[in-house]
Amino acid sequence: MNMVDKGLSGSSLKWIAIVTMLVDHIGAVVLTRMLLNYQYNETVSVSQEVYNVLYQIMYITRMIGRVSFPIFCFLLVEGFLRTKNIFKYLLRLAIFTVIAEIPFDLAFSARMVNWGYQNVMLTLLIGVLTMLGCSQIEKKCGDKKSLIVLLDAICVMVGMLAAYYLNTDYAHKGVACIMVLYFFRNNKWMQVMAGALSFCWEATAFLAFPFIGLYNGMRGMKLKYFFYLFYPIHLLVLHVLCVVMGIGSISVV
């Protein structure tokens, strides 16, 4: 077996991220609504034992879900470094940021528009713009390392502030973690270690990095548009499921 055939391809990592994201969102969108309904709706009651079991299941799904975002951040960095057309890459992210917003707001806020909380695609878009800014700084400044460090720091700060004030999912922390993975891109093991440390604010996010460490640099199956489509569609399906269950009007944010 050729060495490049060992480990995990980009598509294998993407599947791990997609499945753990789905588990996370089942917990965040459906199970959390059920718990809130039992807690505040006086017409619905369950025993404390049932409530506790449901809470534990919800908690486990959220912990499993912490694996997904670091993998998506890593794949975003890989996509940025490998793309042949950065403007098409940005345009694709921008289009699906808009497409995903209503399903995201319905799933989490129980309304079509919530300007107080934007979907993760916008975080990823800001991450790519920040990486683009830093890459241009590195190209323009040549061997002026001190200047590069200063301008990169300013660029990262602008990206983090943009995510913070736009209230994106994962916000400034998400952009900061993306940039850690970008800055350590030339040393795989340093990237894995620094990435795991940068996600210390997410209890089980470090579990994503053994998978990232197994990345073999190969593309694998062509899933170019699968995630872009899966993200808004699965959120819309979960919202519809909540509506059918009679809990669709409950906000979880």
Side-chain angles (χ1 to χ4, degrees), residues 1-21 23-24 60 62-83 89 120 123-139 141 143 145-161 163-164 168-220 227:
M1 180 184 290
N2 192 298
M3 285 299 293
V4 297
D5 294 327
K6 296 179 179 179
L8 297 172
S9 66
S11 62
S12 297
L13 283 175
K14 191 169 289 186
W15 276 116
I16 294 169
I18 286 171
V19 170
T20 53
M21 178 183 69
V23 171
D24 181 43
I60 291 169
R62 301 310 311 277
M63 292 301 99
I64 292 172
R66 301 307 89 199
V67 171
S68 62
F69 186 61
I71 296 177
F72 282 129
C73 290
F74 172 76
L75 293 173
L76 185 80
V77 174
E78 285 292 300
F80 173 77
L81 296 173
R82 293 169 179 263
T83 186
Y89 193 39
V120 78
T123 312
L124 300 180
L125 175 60
I126 293 171
V128 173
L129 288 169
T130 308
M131 286 190 286
L132 179 60
C134 289
S135 69
Q136 291 302 307
I137 289 168
E138 292 157 9
K139 288 178 182 178
C141 293
D143 59 354
K145 293 185 178 180
S146 297
L147 182 59
I148 289 173
V149 170
L150 174 62
L151 294 179
D152 276 356
I154 294 172
C155 188
V156 172
M157 186 61 65
V158 170
M160 291 174 65
L161 288 172
Y164 178 81
T168 71
D169 198 14
Y170 293 102
H172 57 294
K173 294 179 182 178
V175 173
C177 291
I178 290 169
M179 296 312 297
V180 168
L181 294 170
Y182 172 76
F183 288 131
F184 286 95
R185 65 193 181 276
N186 294 322
N187 186 317
K188 180 65 173 295
W189 297 111
M190 285 295 293
Q191 186 186 44
V192 168
M193 289 188 288
L197 287 173
S198 72
F199 276 94
C200 64
W201 48 278
E202 288 275 41
T204 53
F206 72 94
L207 295 174
F209 287 91
F211 298 113
I212 292 172
L214 291 172
Y215 176 60
N216 60 16
M218 302 296 291
R219 179 179 180 178
F227 167 68

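Heavy atoms only: backbone and side chains are in, while hydrogens, waters and symmetry mates are out.
Checking Gln191, Lys188, Glu78 one by one against Tyr215, the side chain to side chain donor-acceptor pair (under 3.5 Å) holds for a single residue, Glu78. Applying the side-chain contact (heavy atoms from CB on, under 4.5 Å) test between Val120 and each of Asp169, Thr168, Leu125 identifies Asp169 as the sole match.
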Begin from the C-alpha positions of Met131 and Val128 and carry the test side chain to side chain contact (heavy atoms under 4.5 Å, CB included) through to its verdict.
-> CA-CA 5 Å; Met131 286 190 286; Val128 173; 4.1 Å; yes
Do Thr123 and Val175 pass the side chain to side chain contact (heavy atoms under 4.5 Å, CB included) test, and can you show the C-alpha distance, the side-chain angles, and the key distance before you say yes or no?
-> CA-CA 7 Å; Thr123 312; Val175 173; 4.3 Å; yes
Starting from the C-alpha separation in whole Å, work towards a yes-or-no answer on side chain to side chain contact (heavy atoms under 4.5 Å, CB included) for Phe199 and Arg66.
-> CA-CA 10 Å; Phe199 276 94; Arg66 301 307 89 199; over 6 Å; no
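Within the 4.5 Å cutoff, side-chain heavy atoms of Leu132 are placed close to those of Phe80. Residues Ile178 and Thr130 form no side-chain contact, since every pair of their non-hydrogen atoms from C-beta on lies 4.5 Å or further apart. Glu202 is not listed as a side-chain neighbour of Phe69, based on a closest heavy-atom distance of 4.5 Å or more. With a 4.5 Å cut-off on side-chain heavy atoms, Tyr182 and Ser135 count as touching. Leu76 has its side chain within reach of Tyr89: a pair of non-hydrogen atoms, C-beta onward, lies under 4.5 Å apart. By the 4.5 Å heavy-atom criterion applied to side chains, Ile212 and Leu181 are not counted as neighbours. No side-chain heavy atom of Thr204 sits less than 4.5 Å from a side-chain heavy atom of Arg62.
Across all their heavy atoms, Cys134 and Val156 have their closest contact at SG-CG2, 4.1 Å. Val67 and Ala208 get closest at one heavy-atom pair: O-CB, 3.3 Å. Here the closest heavy-atom approach between residue Ser68 and residue Thr20 is recorded as CB-OG1, 3.2 Å. In terms of heavy atoms, Gly217 sits closest to Arg82 at O-NH2, 3.0 Å. When all heavy atoms are compared, the tightest approach of Ile148 to Cys141 is CG1-CB, 3.4 Å. In terms of heavy-atom proximity, Pro210 sits nearest to Leu207 at CD-O, 3.3 Å.
Heavy-atom neighbours of Trp189 CH2 from other residues, nucleotides or ligands within 6.0 Å: at or below the threshold of 12.
In this structure, CE in Met157 is found 10.0 Å from NE2 in His172, a value given to the nearest 0.5 Å. A distance of 12.0 Å separates OG in Ser198 from CZ in Phe183, rounded to the nearest 0.5 Å. Once rounded to the nearest 0.5 Å, the distance linking CG of Leu124 with CG of Leu129 reads 11.0 Å. For the atom pair Leu214 CG and Leu8 CG, the distance stands at 5.0 Å (nearest 0.5 Å).
In terms of the ring-ring contact (aromatic ring centres under 6.0 Å, His included) criterion, residue partners of Phe227 (sequence neighbours excluded) are, by chain and number, Phe72, Tyr231.
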